[in-house]
Number of protein chains: 2
Amino acid sequence: MNIPNYLAENDIKPSYQRIRIFEYLYHEMNHPTVDLIYKTLAPEIPTLSKTTVYNTLKLFVDKGITSTVTIENNEVRYDAIVTHHGHFKCNVCGIIVDIPLNFNQLNLNELKDVTIEQTQVHLIGKCNKCLTI
Amino acid sequence: MNIPNYLAENDIKPSYQRIRIFEYLYHEMNHPTVDLIYKTLAPEIPTLSKTTVYNTLKLFVDKGITSTVTIENNEVRYDAIVTHHGHFKCNVCGIIVDIPLNFNQLNLNELKDVTIEQTQVHLIGKCNKCLTI
DNA sequence: TAGTAAATTTGTAATCATTACAATTTTATA
DNA sequence: TATAAAATTGTAATGATTACAAATTTACTA
Ligand SMILES: [Mn+2]
Ligand SMILES: [Mn+2]
Ligand SMILES: [Zn+2]
Ligand SMILES: [Zn+2]
């Protein structure tokens with residue numbers, strides 16, 4: 001994955017900030033909040049503004065290379081994976097992990113006559129690590 | 001459904017405000033925001049405070065007679081139905097409708113060794129009414 | 001290469017939902 | 001009725017997000 005190329009292919013000029021932010025999303029795969037991205041990158045990019053993080057993520061979402069995950073209010077999280085998948089969140093340590101999902105398994109006969117553009121499946125509980133402590 | 005009794009059975013003293021707020025949730029079934037509940041009831045309960053709406057909904061959630069629905073950030077919605085079900089939201093008119101779901105249909109072999117306490121399934125798209133306009 | 005326009009980044013102020021908290025009012029109890 | 005406990009209220013504080021204008025960087029042209 002060449003990130004500057006990937007951004008350019010998706011109609012995004014690969015500025016330094018954009019490259020670093022997407023690089024973080026793509027390599028960490030940790031569903032970070034804006035604040036975590038900012039706090040992580042700010043020491044390495046001293047001029048970085050939190051507004052740039054917001055602007056950049058909005059751009060990524062608009063261009064379709066980033067998705068948002070809203071499990072609980074007051075924290076939007078971002079994800080470099082944009083294909084359909086679900087999420088499990090541990091309510092002890094807060095980790096969010098991806099879940100492959102077969103959406104055909106959802107029996108949605110109730111929903112004829114509607115178009116479905118987005119599907120969010122969020123499971124919340126305790127992860128193995130937190131259960132065995 | 002006798003709402004004062006239902007509140008009392010769930011260890012909630014049935015004050016006038018609590019009765020009116022639960023009555024609204026239960027009869028409208030419209031997954032309202034705090035603001036909608038407040039704006040609807042305030043004309044009929046002139047002394048009502050928005051803080052009371054927040055406090056009351058928090059109490060209902062703690063006591064297990066109300067659930068929250070967070071599909072998009074910056075709007076928590078409330079639901080008098082606490083049994084497992086999913087939601088469809090129309091991104092044109094904003095209506096949120098319940099979807100019966102068989103959660104066994106989700107193939108979650110990836111998730112052994114975790115406990116699942118809560119499941120959220122949110123579908124977003126266009127409802128029939130908005131498609132045919 | 002210098003000059004200019006466009007795009008991007010930045011910092012600050014504004015907004016909006018929610019929470020904190022103390023004062024007031026209502027309810028329960030002696 | 002007097003007193004304590006519970007519930008409600010209004011205001012201030014918080015925190016995430018957005019608006020916006022200034023500053024900086026980049027792209028393009030003469
Ligand atoms: Mn993910
Ligand atoms: Mn519902
Ligand atoms: Zn955990
Ligand atoms: Zn609609």
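The chains referred to below are lettered A, B, ... by the order of the sequence lines, with proteins before strands, and numbering in each begins at 1.
Classified by interplanar angle (parallel below 30°, tilted 30° to 60°, perpendicular above 60°), the ring pair A/Phe22/A/Phe60 is perpendicular.
Contact annotation: A/Gln17 side-chain N/O to C/dT10 OP1/OP2 distance is under 4.0 Å. Phosphate contact (OP1/OP2 of D/dG10, side-chain N/O of B/Thr51, threshold under 4.0 Å): absent. Taking only side-chain nitrogens and oxygens, A/Ser15 never comes nearer than 4.0 Å to OP1 or OP2 of C/dT8.
What separates OH of A/Tyr16 from P of D/dT25 is a distance of 14 Å, to the nearest Å. Residue A/Lys50 contributes atom NZ, which lies 14 Å from atom P of C/dT12 at whole-angstrom precision. Per the geometry, NZ belonging to A/Lys39 stands 10 Å off P belonging to D/dG15, to the nearest Å. Distance CD1 (A/Ile37) to P (C/dT9): 14 Å, rounded to an integer number of Å. When rounded to the nearest whole Å, the span between CG of B/Leu48 and P of D/dA7 equals 16 Å. Atom P of nucleotide C/dT26 and atom CZ of B/Arg18 are separated by 15 Å, given to the nearest angstrom. Atom CD of A/Glu75 is separated from atom C1' of D/dT17 by 14 Å (rounded to the nearest Å). Here the C1' atom of nucleotide C/dT26 and the CD1 atom of B/Ile19 are 14 Å apart, to the nearest Å.
Looking at A/Glu28 and A/Arg20, no side-chain N of the basic residue comes within less than 4.0 Å of a carboxylate O on the acidic one, giving no salt bridge.
Residue B/Ser49 places its side chain closer to D/dT9 than to any other of D/dT9, C/dG11, C/dT8. Listed candidates were D/dT8, D/dT17, D/dC20. Nearest to the side chain of A/Val76 is D/dT17. Closest to the B/Tyr54 side chain, of the nucleotides D/dG10, C/dT18, D/dT18, is C/dT18.
Atom CD1 of residue A/Ile95 and atom NE2 of residue A/His87 lie 12.0 Å apart, to the nearest 0.5 angstrom. Note that the NE2 atom of A/His31 and the CG atom of A/Asp79 stand 3.5 Å from one another [nearest 0.5 Å].
Both B/Asn74 and A/Lys13 lie near DNA chain D, and the one whose nearest nucleotide falls closer to the 5' end is B/Asn74. Residue-to-nucleotide proximity on DNA chain D shows that, of B/Ile12 and B/Tyr38, the 5′-proximal contact is made by B/Ile12.
With hydrogens and angles ignored, no donor-acceptor pair under 3.5 angstrom links the side chain of B/Thr47 to the base of C/dT25.
Residue A/Asp35 is classed as having no contact, given no heavy-atom separation below 4.0 Å to the nucleic acid.
Between the side chain of A/Arg18 and the backbone N or O of A/Lys13, at least one donor-acceptor pair lies under 3.5 Å.
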